[in-house]
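Reviewing the structure listed below.
All values derive from a computational prediction rather than experimental measurement.
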Amino acid sequence: CAQLPKAPPADASAGHLSGRISVTVAGDVHNRGTGGAASFELFGGPEAGRLELTSPLGALVARAEWRPGVASLQTPGDERRFDDLDALTRELLGEPVPVAALFDWLRARPWGAAPHRATAGGFEQLGWRIEPRLPSLVATRLAEPTVTLRARLDGGDEGTP
Amino acid sequence: DAVDALRDFARDVKSGKANFTQTVTSPDGKRKKVSSGAFEFERPNRFRFAYAKPFEQVIVADGTKVWIYDADLNQASSRKLADALGATPAALLAGANLERDFTLKALATEGGIDWVQASPKQAESTIQSLKLGFKGRDLAAMEIVDGFGQRSRLDFSAVQANVPVAAERFQFKLPAGADLIEQ
């Protein structure tokens, strides 16, 4: 498969977030809940960036890279292209998760590119309820099936290089 | 050489305990993440990796399933052992039949450790290379390079071979209120 032409280095100024993340898609009477957990590293920003997911024993299980107009998902032995990040995350997690907004949610603030509403525990945006308790975060998609995203940022030195 | 050490280990060491330090190096070599904890195993196919630092996480294989639990996220996932273990590093340590699953080749001694390369016989795109290191007959280290070139090295210390391990160490009890994902 064609290698993604070497992407320009993700916009390093937007910084680098790392920690652990779990996504749970609630089951219903017909099927069990799905999802998973992994360590993550998030580079760049909504426009151009990279997300790497690593298993507990240290194996890199997925790498997503995106630039305007193209998003690619590499898994061991496979690379697939998508039109945008939403299509990619729908493939990766079974449900679209607004990765572009994550850059801000993980910093306990709404994403600037979409309206939001403050709530007692945090804020609501893009149909999600976000409750930041840094270094932890819980984001719940309000529409069925409920999707719960939990993140825990690495603290101290090993978080940012 | 290390191939004999590994064969002896696979044949003679039925159970064991050790402390481990895990260093994961990103494919570009620029980022390292260090974690540590305790490892216990009993053949066949039962092991526990209990990470204590920098965060609490446990991987338990009870002989039929592999459970992973993250305390901060309060979420557990379970997977059938067959698809989880396969040709993974854990199979090398606690698997039932070493020579059925892996081709062994002695490598050069390095840093006082005799290394043996274990190539999974079952085509395994997730692993580029897998090797175990011995100091004499004692298990010293394991190194996995995955399909992306990410390197995960476990260094073992305080290794106790053939010590009895309580059966409940290989059972996973879902903590109250935790999410469970069955994959």
Side-chain angles (χ1 to χ4, degrees), chain A residues 9 12 16 18-27 31-41 43 50 52-63 65 74-79 93-94 133-138 140 146-161, chain B residues 20 22-28 30-35 37 47 49-51 53-59 66-79 84 88-90 123-128 130 142-154 178-183:
Chain A
H16 158 228
S18 78
R20 280 155 298 131
I21 194 163
S22 81
V23 176
T24 315
V25 181
N31 46 53
R32 287 188 323 236
T34 59
S39 290
F40 76 90
E41 306 236 13
F43 299 87
R50 186 168 90 239
E52 291 181 350
L53 298 176
T54 295
S55 73
L57 269 176
L60 192 54
V61 293
R63 171 189 291 154
E65 287 181 294
Q74 285 176 288
T75 50
D78 185 21
E79 177 170 356
L93 302 170
R133 299 284 174 284
L134 290 191
S136 296
L137 169 88
V138 179
T140 313
T146 306
V147 178
T148 308
L149 181 148
R150 285 196 185 85
R152 172 82 179 201
L153 291 176
D154 287 337
D157 50 5
E158 84 282 19
T160 42
Chain B
F20 70 85
Q22 175 178 294
T23 306
V24 178
T25 307
S26 59
D28 58 14
K30 291 196 181 113
R31 284 167 287 120
K32 282 188 190 307
K33 275 197 174 176
V34 179
S35 53
F47 58 78
F49 281 94
Y51 291 79
K53 287 203 286 288
F55 43 73
E56 212 192 299
Q57 205 167 57
V58 70
I59 306 171
V66 178
W67 306 80
I68 300 176
Y69 174 68
D70 185 303
D72 290 323
L73 302 177
N74 201 20
Q75 184 192 53
S77 63
S78 79
R79 181 174 299 170
T88 62
E124 191 39 77
S125 58
T126 58
I127 290 180
Q128 218 176 79
L130 174 57
M142 175 164 71
E143 190 175 274
I144 311 123
V145 180
D146 67 27
F148 286 94
Q150 179 148 298
R151 184 180 305 274
S152 174
R153 172 169 172 151
L154 283 94
D179 278 339
L180 172 61
I181 301 293
E182 287 166 309
Q183 281 155 337

Test B:Q150 against A:R63 for side chain to side chain contact (heavy atoms under 4.5 Å, CB included), laying out the working first. CA-CA 12 Å; B:Q150 179 148 298; A:R63 171 189 291 154; over 6 Å; no
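- A donor-acceptor pair under 3.5 Å is formed between the side chain of B:S152 and the backbone N or O of A:L57.
- Distance OG/A:S136 to CG/B:N74: 11.0 Å, rounded to 0.5 Å.
- Across all non-hydrogen atoms, the minimal contact from B:P27 to A:L60 is CG-CD2, 4.0 Å.
- For chain A, the nearby parts of B:E182 are the backbone and the side chain; heavy atoms of each come within less than 4.5 Å.
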Please assess A:S18 against B:R31 for the test side chain to side chain contact (heavy atoms under 4.5 Å, CB included), listing each intermediate value before the final yes or no. CA-CA 11 Å; A:S18 78; B:R31 284 167 287 120; over 6 Å; no
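- In this structure, chain A has heavy atoms under 4.5 Å from both the backbone and the side chain of B:L73.
- Heavy-atom distances place both the backbone and the side chain of A:S22 under 4.5 Å from chain B.
- Closest non-hydrogen pair, A:T24 versus B:Q75, comes out as OG1-NE2, 2.8 Å.
- B:I59 approaches A:P56 most closely through the heavy-atom pair CD1-CB, 3.7 Å.
- Residue A:V61 touches chain B through its backbone alone, counting heavy-atom pairs closer than 4.5 Å.
- Taking both residues in full, the closest heavy atoms of B:Q22 and A:G58 are given as NE2-N, 4.1 Å, listed atom of the first, atom of the second, then distance.
- Looking at B:D146, its side chain never comes within 3.5 Å of a backbone N or O of A:A59 through a donor-acceptor pair.
- The one candidate from A:R150, A:R152, A:R20 that meets the side chain to side chain donor-acceptor pair (under 3.5 Å) condition with B:D70 is A:R20.
- Heavy atoms of A:T75 lying under 4.5 Å from chain B belong exclusively to its backbone.
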